[in-house]
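Report on one structure; see the data block that follows.
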Amino acid sequence: MAKSILVTGGAGYIGSHTTLQLLLGGFKVVVVDNLDNSSEVALQRVKELAGEFGGNLVFHKTDLRDRPGLENLFSSTKFDAVIHFAGLKAVGESVQKPLLYYNNNLIGTITLLEVMADHGCKLLVFSSSATVYGWPKEVPCTEEFPLSAANPYGRTKLFIEEICRDVHRADSKWKIILLRYFNPVGAHPSGYIGEDPQGIPNNLMPFVQQVAVGRRPALTVFGSDYNTKDGTGVRDYIHVVDLADGHIAALNKLSDPNIGCEVYNLGTGKGTTVLEMVGAFENASGKKIPLVMADRRPGDAEIVYASTEKAAQELNWKAKYGIEEMCRDQWNWASKNPYGYGSPDSTD
(Lines give C-alpha, C1' and ligand atoms only; values in the text may rest on other atoms or scores of the structure.)
Protein backbone atom coordinates (compact mmCIF):
# COMPACT_ATOMS: atom_id res chain seq x y z
CA MET A 1 0.00 0.00 0.00
CA ALA A 2 1.30 3.44 -0.90
CA LYS A 3 1.87 5.55 2.18
CA SER A 4 -0.47 8.48 2.61
CA ILE A 5 1.23 11.73 3.63
CA LEU A 6 -0.41 14.98 4.73
CA VAL A 7 1.57 18.00 3.55
CA THR A 8 0.59 21.30 5.20
CA GLY A 9 1.50 24.38 3.18
CA GLY A 10 2.00 22.13 0.18
CA ALA A 11 1.15 24.85 -2.37
CA GLY A 12 4.08 27.01 -1.23
CA TYR A 13 7.58 27.12 -2.66
CA ILE A 14 9.24 24.27 -0.75
CA GLY A 15 5.93 22.47 -0.19
CA SER A 16 5.12 22.21 -3.90
CA HIS A 17 8.58 20.87 -4.80
CA THR A 18 8.41 18.34 -1.96
CA THR A 19 4.89 17.29 -2.96
CA LEU A 20 6.16 16.57 -6.48
CA GLN A 21 9.10 14.48 -5.21
CA LEU A 22 6.71 12.56 -2.92
CA LEU A 23 4.35 11.77 -5.80
CA LEU A 24 7.24 10.66 -8.01
CA GLY A 25 8.42 8.48 -5.09
CA GLY A 26 5.08 6.63 -5.08
CA PHE A 27 3.45 8.33 -2.09
CA LYS A 28 -0.17 9.45 -1.90
CA VAL A 29 -0.27 13.11 -0.93
CA VAL A 30 -3.00 15.25 0.60
CA VAL A 31 -2.15 18.97 0.67
CA VAL A 32 -3.79 21.44 3.03
CA ASP A 33 -3.02 25.10 2.39
CA ASN A 34 -4.97 28.30 3.08
CA LEU A 35 -3.38 29.87 -0.07
CA ASP A 36 -2.42 32.89 2.02
CA ASN A 37 0.97 33.22 0.34
CA SER A 38 0.76 30.54 -2.34
CA SER A 39 -1.15 29.58 -5.46
CA GLU A 40 -3.35 26.65 -6.38
CA VAL A 41 -1.79 26.89 -9.86
CA ALA A 42 1.41 25.46 -8.33
CA LEU A 43 -0.45 22.27 -7.38
CA GLN A 44 -2.10 21.97 -10.81
CA ARG A 45 1.39 22.10 -12.30
CA VAL A 46 2.74 19.60 -9.78
CA LYS A 47 -0.04 17.23 -10.89
CA GLU A 48 1.01 17.62 -14.52
CA LEU A 49 4.72 17.16 -13.75
CA ALA A 50 3.90 14.01 -11.77
CA GLY A 51 2.42 12.40 -14.90
CA GLU A 52 0.81 9.05 -14.11
CA PHE A 53 1.24 9.76 -10.37
CA GLY A 54 -0.68 13.06 -10.55
CA GLY A 55 -3.90 11.31 -9.58
CA ASN A 56 -2.41 10.59 -6.14
CA LEU A 57 -2.62 14.28 -5.18
CA VAL A 58 -5.62 15.72 -3.33
CA PHE A 59 -5.93 19.37 -2.27
CA HIS A 60 -8.03 20.93 0.51
CA LYS A 61 -8.13 24.67 1.02
CA THR A 62 -8.01 24.67 4.82
CA ASP A 63 -6.37 26.80 7.48
CA LEU A 64 -4.66 24.77 10.21
CA ARG A 65 -6.44 26.85 12.84
CA ASP A 66 -9.76 25.51 11.49
CA ARG A 67 -10.06 22.56 13.86
CA PRO A 68 -13.38 21.18 12.49
CA GLY A 69 -11.88 21.25 8.98
CA LEU A 70 -8.80 19.34 10.15
CA GLU A 71 -10.90 16.89 12.17
CA ASN A 72 -12.95 16.10 9.06
CA LEU A 73 -9.82 15.50 7.06
CA PHE A 74 -8.28 13.13 9.62
CA SER A 75 -11.62 11.34 10.07
CA SER A 76 -11.91 10.66 6.34
CA THR A 77 -8.26 9.75 5.59
CA LYS A 78 -5.75 7.69 7.51
CA PHE A 79 -2.37 9.41 7.30
CA ASP A 80 0.92 7.59 7.79
CA ALA A 81 2.83 10.79 8.53
CA VAL A 82 2.65 14.58 8.27
CA ILE A 83 5.15 17.02 6.73
CA HIS A 84 4.43 20.43 8.20
CA PHE A 85 5.46 23.45 6.12
CA ALA A 86 2.51 25.79 6.67
CA GLY A 87 3.50 29.09 8.25
CA LEU A 88 4.10 32.77 7.61
CA LYS A 89 7.77 33.45 6.94
CA ALA A 90 8.61 37.11 6.24
CA VAL A 91 11.06 38.34 8.86
CA GLY A 92 10.26 42.05 8.40
CA GLU A 93 6.51 41.49 8.57
CA SER A 94 6.94 39.39 11.72
CA VAL A 95 8.65 42.33 13.45
CA GLN A 96 5.74 44.62 12.54
CA LYS A 97 2.98 42.07 13.20
CA PRO A 98 4.22 39.67 15.87
CA LEU A 99 0.74 38.60 16.98
CA LEU A 100 -0.19 37.61 13.42
CA TYR A 101 2.88 35.34 13.34
CA TYR A 102 2.33 33.83 16.78
CA ASN A 103 -1.34 33.25 16.04
CA ASN A 104 -0.82 31.69 12.63
CA ASN A 105 2.36 29.69 13.20
CA LEU A 106 1.93 28.58 16.82
CA ILE A 107 -1.82 28.07 17.06
CA GLY A 108 -1.86 26.40 13.63
CA THR A 109 0.84 23.96 14.74
CA ILE A 110 -0.69 23.23 18.15
CA THR A 111 -4.07 22.52 16.54
CA LEU A 112 -2.40 20.22 14.01
CA LEU A 113 -0.54 18.30 16.74
CA GLU A 114 -3.69 17.92 18.83
CA VAL A 115 -5.71 16.60 15.89
CA MET A 116 -2.86 14.26 14.89
CA ALA A 117 -2.75 12.89 18.46
CA ASP A 118 -6.55 12.43 18.53
CA HIS A 119 -6.30 10.30 15.38
CA GLY A 120 -3.21 8.32 16.40
CA CYS A 121 -0.95 9.83 13.75
CA LYS A 122 2.31 10.56 15.58
CA LEU A 123 4.94 10.79 12.84
CA LEU A 124 5.98 14.33 11.88
CA VAL A 125 8.60 16.09 9.78
CA PHE A 126 8.72 19.79 10.67
CA SER A 127 10.03 22.57 8.49
CA SER A 128 12.27 24.53 10.83
CA SER A 129 14.97 27.02 9.87
CA ALA A 130 18.60 27.95 10.39
CA THR A 131 17.18 31.18 11.81
CA VAL A 132 17.01 29.32 15.16
CA TYR A 133 20.81 29.69 15.40
CA GLY A 134 20.39 33.48 15.70
CA TRP A 135 23.80 35.06 15.12
CA PRO A 136 26.14 32.09 15.35
CA LYS A 137 29.50 32.91 16.90
CA GLU A 138 31.29 30.41 14.70
CA VAL A 139 30.67 28.31 11.57
CA PRO A 140 29.73 25.79 10.39
CA CYS A 141 26.54 25.57 12.47
CA THR A 142 26.12 22.15 14.02
CA GLU A 143 22.81 20.83 15.32
CA GLU A 144 24.15 21.17 18.89
CA PHE A 145 24.68 24.95 18.68
CA PRO A 146 22.90 27.12 21.27
CA LEU A 147 19.55 28.34 19.96
CA SER A 148 18.29 31.90 19.87
CA ALA A 149 16.09 33.80 17.47
CA ALA A 150 16.48 37.39 16.43
CA ASN A 151 12.88 38.11 15.35
CA PRO A 152 9.30 36.89 15.91
CA TYR A 153 9.36 34.66 12.80
CA GLY A 154 12.49 32.91 14.08
CA ARG A 155 10.98 32.62 17.54
CA THR A 156 7.92 30.83 16.13
CA LYS A 157 10.28 28.21 14.64
CA LEU A 158 12.18 27.93 17.92
CA PHE A 159 9.00 27.65 20.02
CA ILE A 160 7.58 24.98 17.69
CA GLU A 161 10.82 22.99 17.99
CA GLU A 162 10.50 23.17 21.80
CA ILE A 163 6.82 22.16 21.62
CA CYS A 164 7.80 19.14 19.51
CA ARG A 165 10.50 18.14 22.01
CA ASP A 166 8.01 18.40 24.88
CA VAL A 167 5.35 16.42 22.99
CA HIS A 168 7.84 13.61 22.39
CA ARG A 169 9.02 13.65 26.03
CA ALA A 170 5.44 13.30 27.18
CA ASP A 171 4.62 10.48 24.75
CA SER A 172 7.44 8.43 23.23
CA LYS A 173 5.13 7.15 20.46
CA TRP A 174 5.73 10.50 18.76
CA LYS A 175 8.59 10.40 16.27
CA ILE A 176 9.52 13.86 15.06
CA ILE A 177 12.25 15.13 12.75
CA LEU A 178 13.02 18.85 12.78
CA LEU A 179 14.72 20.03 9.57
CA ARG A 180 16.65 23.28 9.79
CA TYR A 181 16.98 24.69 6.30
CA PHE A 182 19.55 27.18 5.26
CA ASN A 183 18.76 29.28 2.13
CA PRO A 184 16.54 27.47 -0.39
CA VAL A 185 16.87 28.72 -3.97
CA GLY A 186 16.37 27.51 -7.52
CA ALA A 187 13.35 25.81 -9.04
CA HIS A 188 12.32 22.53 -10.60
CA PRO A 189 14.48 21.97 -13.72
CA SER A 190 11.33 22.00 -15.89
CA GLY A 191 10.88 25.69 -15.10
CA TYR A 192 7.23 24.86 -14.46
CA ILE A 193 7.16 25.43 -10.68
CA GLY A 194 9.29 27.80 -8.60
CA GLU A 195 9.25 30.54 -5.98
CA ASP A 196 6.56 33.20 -6.36
CA PRO A 197 6.62 35.53 -3.34
CA GLN A 198 3.74 37.97 -2.91
CA GLY A 199 4.78 41.64 -2.68
CA ILE A 200 8.41 42.68 -2.31
CA PRO A 201 10.66 39.61 -1.97
CA ASN A 202 12.49 39.19 1.34
CA ASN A 203 15.17 36.89 0.02
CA LEU A 204 18.05 37.46 -2.36
CA MET A 205 17.23 35.19 -5.30
CA PRO A 206 13.58 36.07 -5.98
CA PHE A 207 14.66 39.72 -5.87
CA VAL A 208 17.52 39.08 -8.31
CA GLN A 209 15.10 37.21 -10.54
CA GLN A 210 12.63 40.13 -10.55
CA VAL A 211 15.42 42.53 -11.51
CA ALA A 212 16.48 40.17 -14.33
CA VAL A 213 12.98 40.05 -15.86
CA GLY A 214 12.55 43.82 -15.56
CA ARG A 215 10.07 43.96 -12.68
CA ARG A 216 12.48 45.87 -10.44
CA PRO A 217 15.24 48.34 -11.41
CA ALA A 218 18.12 47.15 -9.23
CA LEU A 219 19.18 44.81 -6.43
CA THR A 220 19.95 46.44 -3.10
CA VAL A 221 22.88 44.71 -1.39
CA PHE A 222 22.76 45.25 2.38
CA GLY A 223 26.28 45.49 3.75
CA SER A 224 29.49 45.63 1.72
CA ASP A 225 31.90 45.98 4.65
CA TYR A 226 31.63 42.53 6.22
CA ASN A 227 34.82 40.64 6.97
CA THR A 228 34.36 38.33 3.95
CA LYS A 229 36.20 37.89 0.66
CA ASP A 230 34.19 40.60 -1.13
CA GLY A 231 32.61 42.41 1.82
CA THR A 232 29.13 40.92 1.38
CA GLY A 233 27.39 38.46 3.69
CA VAL A 234 27.95 34.71 3.33
CA ARG A 235 25.07 32.20 3.29
CA ASP A 236 24.54 28.53 2.57
CA TYR A 237 22.29 28.32 -0.51
CA ILE A 238 20.61 24.99 -1.20
CA HIS A 239 18.73 23.87 -4.32
CA VAL A 240 15.04 23.42 -3.55
CA VAL A 241 14.99 19.97 -5.23
CA ASP A 242 17.81 18.82 -2.91
CA LEU A 243 15.80 20.21 -0.03
CA ALA A 244 12.67 18.33 -1.17
CA ASP A 245 14.67 15.09 -1.34
CA GLY A 246 15.88 15.80 2.21
CA HIS A 247 12.25 15.61 3.37
CA ILE A 248 11.80 12.20 1.80
CA ALA A 249 15.00 11.02 3.50
CA ALA A 250 13.56 12.32 6.81
CA LEU A 251 10.23 10.60 6.16
CA ASN A 252 12.03 7.31 5.59
CA LYS A 253 14.05 7.85 8.77
CA LEU A 254 10.82 8.03 10.83
CA SER A 255 10.53 4.23 10.47
CA ASP A 256 13.79 3.88 12.43
CA PRO A 257 12.73 2.53 15.87
CA ASN A 258 15.45 4.61 17.55
CA ILE A 259 14.17 7.98 16.33
CA GLY A 260 12.67 10.19 19.03
CA CYS A 261 12.76 13.90 18.31
CA GLU A 262 15.81 14.54 16.10
CA VAL A 263 17.21 17.63 14.39
CA TYR A 264 19.03 17.79 11.06
CA ASN A 265 20.52 20.68 9.13
CA LEU A 266 19.75 20.77 5.42
CA GLY A 267 22.35 22.83 3.58
CA THR A 268 25.34 22.30 1.32
CA GLY A 269 27.96 23.01 3.98
CA LYS A 270 29.47 25.69 1.73
CA GLY A 271 29.28 29.45 2.17
CA THR A 272 28.65 31.72 -0.83
CA THR A 273 28.76 35.53 -0.75
CA VAL A 274 25.91 37.66 -2.08
CA LEU A 275 28.12 38.93 -4.91
CA GLU A 276 29.22 35.40 -5.87
CA MET A 277 25.56 34.39 -6.10
CA VAL A 278 24.70 37.45 -8.19
CA GLY A 279 27.66 36.67 -10.48
CA ALA A 280 26.49 33.07 -10.94
CA PHE A 281 23.00 34.31 -11.80
CA GLU A 282 24.40 36.79 -14.33
CA ASN A 283 26.30 33.92 -15.97
CA ALA A 284 23.20 31.72 -16.07
CA SER A 285 20.87 34.42 -17.39
CA GLY A 286 23.17 36.51 -19.57
CA LYS A 287 21.63 39.54 -17.80
CA LYS A 288 23.51 42.27 -15.95
CA ILE A 289 22.03 42.85 -12.47
CA PRO A 290 22.36 46.54 -11.47
CA LEU A 291 23.41 46.83 -7.82
CA VAL A 292 22.79 49.47 -5.17
CA MET A 293 25.09 49.11 -2.16
CA ALA A 294 23.39 49.92 1.14
CA ASP A 295 24.20 49.74 4.85
CA ARG A 296 23.98 46.48 6.72
CA ARG A 297 20.50 45.53 7.86
CA PRO A 298 20.11 45.30 11.63
CA GLY A 299 19.97 41.67 12.61
CA ASP A 300 21.80 40.23 9.61
CA ALA A 301 24.58 37.79 10.50
CA GLU A 302 27.93 38.01 8.70
CA ILE A 303 28.60 34.36 7.86
CA VAL A 304 26.21 31.43 8.25
CA TYR A 305 26.57 27.98 6.74
CA ALA A 306 25.65 24.46 7.77
CA SER A 307 27.50 21.51 9.12
CA THR A 308 25.96 18.70 7.06
CA GLU A 309 27.69 15.62 8.52
CA LYS A 310 24.76 14.48 10.64
CA ALA A 311 22.28 14.47 7.73
CA ALA A 312 24.83 12.66 5.55
CA GLN A 313 25.46 9.95 8.17
CA GLU A 314 21.96 9.43 9.57
CA LEU A 315 19.62 10.39 6.73
CA ASN A 316 21.96 9.22 3.98
CA TRP A 317 21.27 12.54 2.29
CA LYS A 318 23.47 15.23 0.89
CA ALA A 319 22.98 18.11 -1.52
CA LYS A 320 23.81 17.28 -5.14
CA TYR A 321 23.54 20.69 -6.81
CA GLY A 322 25.85 23.70 -6.77
CA ILE A 323 25.17 27.40 -7.31
CA GLU A 324 25.47 27.05 -11.10
CA GLU A 325 22.53 24.62 -11.22
CA MET A 326 20.60 26.72 -8.67
CA CYS A 327 20.96 29.82 -10.84
CA ARG A 328 20.31 27.96 -14.11
CA ASP A 329 17.04 26.53 -12.78
CA GLN A 330 16.03 29.81 -11.12
CA TRP A 331 16.50 31.65 -14.43
CA ASN A 332 14.66 28.95 -16.38
CA TRP A 333 11.66 29.42 -14.05
CA ALA A 334 11.91 33.23 -14.06
CA SER A 335 12.25 33.58 -17.83
CA LYS A 336 9.26 31.28 -18.45
CA ASN A 337 7.16 32.81 -15.62
CA PRO A 338 8.25 36.45 -15.20
CA TYR A 339 5.17 37.12 -13.06
CA GLY A 340 5.27 33.81 -11.19
CA TYR A 341 1.91 32.04 -11.21
CA GLY A 342 0.02 35.30 -11.82
CA SER A 343 -0.26 37.79 -14.67
CA PRO A 344 1.32 41.28 -14.84
CA ASP A 345 -1.86 43.01 -13.61
CA SER A 346 -2.29 40.71 -10.60
CA THR A 347 1.09 41.58 -9.06
CA ASP A 348 1.99 44.30 -6.59
Do any N or O atoms from the side chain of [X] and from the backbone of [Y] form a donor-acceptor pair under 3.5 angstrom?
X      : Y      : answer
Asn151 : Gly92  : no
Lys175 : Leu254 : no
Ser255 : Asn252 : yes
His168 : Trp174 : yes
Asn34  : Asp36  : yes
Thr8   : Phe85  : yes
Glu282 : Ile289 : yes
Glu325 : Gly322 : yes
Asp80  : Lys3   : no

So if you build clusters from Ile, Leu, Val, Met, Phe, Trp, Tyr with side-chain heavy-atom gaps below 4.5 Å, do [X] and [Y] land together?
X      : Y      : value
Phe222 : Val91  : no
Leu23  : Tyr192 : yes
Ile110 : Tyr101 : no
Ile160 : Leu266 : no
Leu6   : Leu20  : no

Just by distance, no angles: are the side chains of [X] and [Y] close enough, under 3.5 Å, to form a donor-acceptor pair?
X      : Y      : result
Asn337 : Arg45  : yes
Tyr133 : Asn265 : yes
Asn103 : Arg65  : yes

Should the heavy atoms of other residues, nucleotides or ligands under 6.0 Å from [atom1] of [X] be counted, would the total exceed 12?
X      : atom1 : answer
Asn316 : CG    : no
Asn227 : CG    : no
Lys89  : NZ    : no
Lys61  : NZ    : no

Atom [atom1] in [X], atom [atom2] in [Y]: separation rounded to 0.5 Å?
X      : Y      : atom1 : atom2 : value
Arg328 : Phe281 : CZ    : CZ    : 13.0 Å
Cys121 : Lys173 : SG    : NZ    : 14.0 Å
Leu291 : Leu275 : CG    : CG    : 6.5 Å
Asp242 : His247 : CG    : NE2   : 12.0 Å
Ser94  : Leu100 : OG    : CG    : 9.5 Å
Tyr237 : Leu204 : OH    : CG    : 4.5 Å

Tell me the closest heavy-atom pair linking [X] and [Y], and the distance in Å.
X      : Y      : result
Arg155 : Ala149 : NH1-O, 2.9 Å
Ile238 : Met326 : CA-CE, 4.0 Å
Cys141 : Phe182 : CB-CZ, 4.1 Å
Val139 : Val304 : CG1-CA, 4.0 Å

Audit row: Glu40, Tyr341, side chain to side chain donor-acceptor pair (under 3.5 Å) steps and yes/no: CA-CA 9 Å; Glu40 201 175 338; Tyr341 295 112; over 6 Å; no

Set of side chain to side chain donor-acceptor pair (under 3.5 Å) partners for Asp300, sequence neighbours left out: Arg297

Ring pair (Phe, Tyr, Trp, His ring centres under 6.0 Å) partners of residues 8-36, not counting sequence neighbours, each pair once: Tyr13-His17

Electrostatic pair Lys310:Glu262 at N-O distance under 4.0 angstrom: yes

Cationic N near anionic O, under 4.0 Å, Arg165 to Glu161: yes

Side-chain heavy-atom pair Cys327, Met205 within 4.5 angstrom cut-off: yes

Phe59 side chain near Leu35 side chain, heavy-atom distance below 4.5 Å: yes

side-chain contact (heavy atoms from CB on, under 4.5 Å), paired with Pro201, selected from Arg216, Gln209, Glu195, Arg215: Arg216

side-chain contact (heavy atoms from CB on, under 4.5 Å) partner of Thr19, the single match among Val30, Leu57, Asp33: Leu57

Side chain to side chain donor-acceptor pair (under 3.5 Å) between Ser127 and Tyr181, worked out: CA-CA 8 Å; Ser127 157; Tyr181 319 154; 3.0 Å; yes

Verdict with reasoning, Phe145 to Lys137, per side chain to side chain contact (heavy atoms under 4.5 Å, CB included): CA-CA 9 Å; Phe145 268 28; Lys137 299 203 174 22; over 6 Å; no

Matching residue for Tyr264 among Arg180, Lys253, Glu314, Glu143 - test: side-chain hydrogen bond (donor to acceptor under 3.5 Å, both in side chains): Glu314

Phe79 ring center within less than 6.0 Å of Phe74 ring center: yes

